[in-house]
Amino acid sequence: MRIATWNVNSLRSRIDRVEAFLERHDIDVLALQETKAREEQLPLMGLQARGYDVAAHGLNQWNGVALISRVGLEDVAVGFPGQPGWGDPTETEARALGATCGGVRIWSLYVPNGRKPDDPHYAYKLDWLTRLQTAAADWLDQPTALVGDWNICPTDDDVFDVAQFRNSTHVTPAERAAFQAFLDGGWHEVTRAHAPGYTYWDYYRQRFERDRGLKIDFVLGSPALAARVTTAFIDRDERDPSLGSTSPSDHAPVVVDLADA
DNA sequence: ATGGTAGAAATTCTA
């Protein structure tokens with residue numbers, strides 16, 4: 001089974017790219033972030049006509065997550081127990097969507113950006129991560145993947161210029177500790193060993209052309225899932241503005257292959 | 001310290 005995660009930066013503006021990506025790489029399950037649409041704006045008939053099941057969650061024009069699967073999409077859950085506002089349909093920060101696809105529980109996650117360390121959104125980010133880790137601890141004994149945009153650079157190598165990120169989000173010790181807590185708790189980051197390099201390049205200042213990016217998109221697997229990973233890669237071509245006739249997302253997709261159970 | 005680009009929506013917000 002081949003799964004992928006991609007911060008698509010608007011699903012409606014890039015639906016053609018999504019369909020081409022699914023076909024190009026023969027993807028079974030695709031988790032999307034920053035769909036920038038509410039559910040009712042995403043019928044996605046084209047995907048359904050091609051045999052994909054679709055689940056989407058979004059309450060505003062900024063965030064939103066989705067799952068696209070051709071190997072089943074069962075037990076869809078919006079958010080997770082313990083998340084701030086969980087169970088409240090008006091909650092605008094519920095950036096998690098889970099479903100069971102082909103026997104694997106997959107969560108499409110958009111971790112809050114944090115904005116700046118002194119911003120309330122930063123404290124919210126750390127709190128959100130703590131609550132996610134608590135909820136996710138119950139999923140460790142099943143084949144589970146926590147995939148998406150974590151908005152954290154776990155190491156200095158994941159930043160093109162650490163000095164430029166002093167006092168910025170994504171690299172603070174508290175954020176890195178929050179990420180490390182997942183690993184200490186038994187989750188395995190399964191992409192790094194197979195797929196070095198960045199996954200995000202800012203639109204500004206020709207960051208992609210100069211390979212000045214960040215590695216912030218990850219796949220964390222439970223032990224049963226991590227044991228099935230055979231390889232992974234980052235589809236940098238999807239981020240390359242010189243390829244294709246439409247503008248790319250600022251993130252590249254990350255693809256992971258799983259051996260049969 | 002600022003601004004650069006992109007998307008959604010509607011004059012600004014978010015990333």
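Sequence lines set the chain letters: A, B, ... in the order given, protein chains first and strands last, and positions in each chain run from 1.
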Participant: Can you name the closest pair of heavy atoms from A:Pro81 and A:Ala135 and give their distance?
Facilitator: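 In this case the closest contact between A:Pro81 and A:Ala135 is O-CB, 3.6 Å.
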
Participant: Within the 4.0 Å heavy-atom criterion, would you say A:Ser249 contacts the bases, only the backbone, or no part of the nucleic acid?
Facilitator: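 No contact.
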
Participant: Nearest whole Å is fine: how far is B:dT12 P from A:Lys36 NZ?
Facilitator: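 So the NZ-P distance, A:Lys36 to B:dT12, works out to 19 Å.
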
Participant: Please report, rounded to the nearest Å, how far the P atom of B:dA6 is from the OH atom of A:Tyr200.
Facilitator: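 Between P of B:dA6 and OH of A:Tyr200: 12 Å.
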
Participant: Would you kindly give the CG-to-C1' distance between A:Asn167 and B:dA1, to the nearest whole Å?
Facilitator: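 In whole Å, B:dA1 C1' lies 13 Å from A:Asn167 CG.
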
Participant: How many whole angstroms separate atom CD of A:Gln61 from atom P of B:dT11?
Facilitator: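 Interatomic distance, CD of A:Gln61 to P of B:dT11: 13 Å.
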
Participant: To the closest 0.5 Å, what do you measure between CG (A:Leu220) and CH2 (A:Trp107)?
Facilitator: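 These two atoms lie 14.5 Å from each other.
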
Participant: Where the side chain of A:Tyr203 is defined as all heavy atoms beyond and including C-beta, which of B:dG7, B:dA15, B:dA6 is the nearest nucleotide?
Facilitator: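 So the side chain of A:Tyr203 is nearest to B:dA6.
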
Participant: Could you tell me the separation between the CG atom of A:Asp149 and the P atom of B:dA15, rounded to a whole number of Å?
Facilitator: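 Whole-Å distance recorded here is 10 Å.
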
Participant: Taking atom P of B:dG7 as reference, at what distance in whole Å does atom CZ of A:Arg38 sit?
Facilitator: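 Taking CZ of A:Arg38 and P of B:dG7, I get 18 Å after rounding.
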
Participant: Between A:Arg115 and B:dA15, is there a side-chain N or O to OP1/OP2 distance below 4.0 Å?
Facilitator: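 It does, given that an N or O in the side chain of A:Arg115 lies less than 4.0 Å from OP1 or OP2 of B:dA15.
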
Participant: Return the 5'-most residue of the pair A:Asp202, A:Asn113 with respect to DNA chain B, ranking by each residue's nearest nucleotide.
Facilitator: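 Taking each residue's closest nucleotide, the earlier one in sequence belongs to A:Asp202.
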
Participant: Would you state whether a donor and an acceptor, one from the side chain of A:Tyr204 and one from the base of B:dA15, lie under 3.5 Å apart?
Facilitator: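 Per atom types, the contact qualifies.
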
Participant: How many whole angstroms separate atom OH of A:Tyr122 from atom C1' of B:dA15?
Facilitator: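 After rounding, the gap between these two atoms is 18 Å.
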
Participant: How many whole angstroms separate atom NZ of A:Lys116 from atom P of B:dA15?
Facilitator: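 Result: 13 Å.
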
Participant: Check whether any side-chain N or O of A:Ser247 sits under 4.0 Å from OP1 or OP2 of B:dG7, and answer yes or no.
Facilitator: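 So the side-chain polar atoms of A:Ser247 do come within 4.0 Å of the phosphate oxygens OP1 or OP2 of B:dG7, strictly under.
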
Participant: When rounded to the nearest Å, what value does the distance between P atoms of B:dA15 and B:dA9 take?
Facilitator: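 Rounded to whole Å, the distance is 15 Å.
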
Participant: By the definition ring-ring contact (aromatic ring centres under 6.0 Å, His included), identify the one residue from A:Trp6, A:Tyr200, A:Trp150, A:Phe218 that meets it with A:His251.
Facilitator: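 The single option meeting the ring-ring contact (aromatic ring centres under 6.0 Å, His included) with A:His251 is A:Tyr200.
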
Participant: Go through B:dA8, B:dG7, B:dA15 for me and flag the one nearest to the A:Arg14 side chain.
Facilitator: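 It is B:dG7.
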
Participant: Counting the atoms with a prime plus P, OP1 and OP2 as sugar-phosphate, which does A:Gln41 contact under 4.0 Å by heavy atoms, base, sugar-phosphate, or nothing?
Facilitator: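 Contact class for A:Gln41: sugar-phosphate only.
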
Participant: For B:dG4, does either OP1 or OP2 sit under 4.0 Å from a side-chain N or O belonging to A:Arg207?
Facilitator: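 So the side chain of A:Arg207 is outside the cut-off, no N or O lying under 4.0 Å from OP1 or OP2 of B:dG4.
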
Participant: Just N and O in the side chain of A:Arg95: are any of them under 4.0 Å from OP1 or OP2 of B:dT14?
Facilitator: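 Negative; the distance criterion is not met.
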
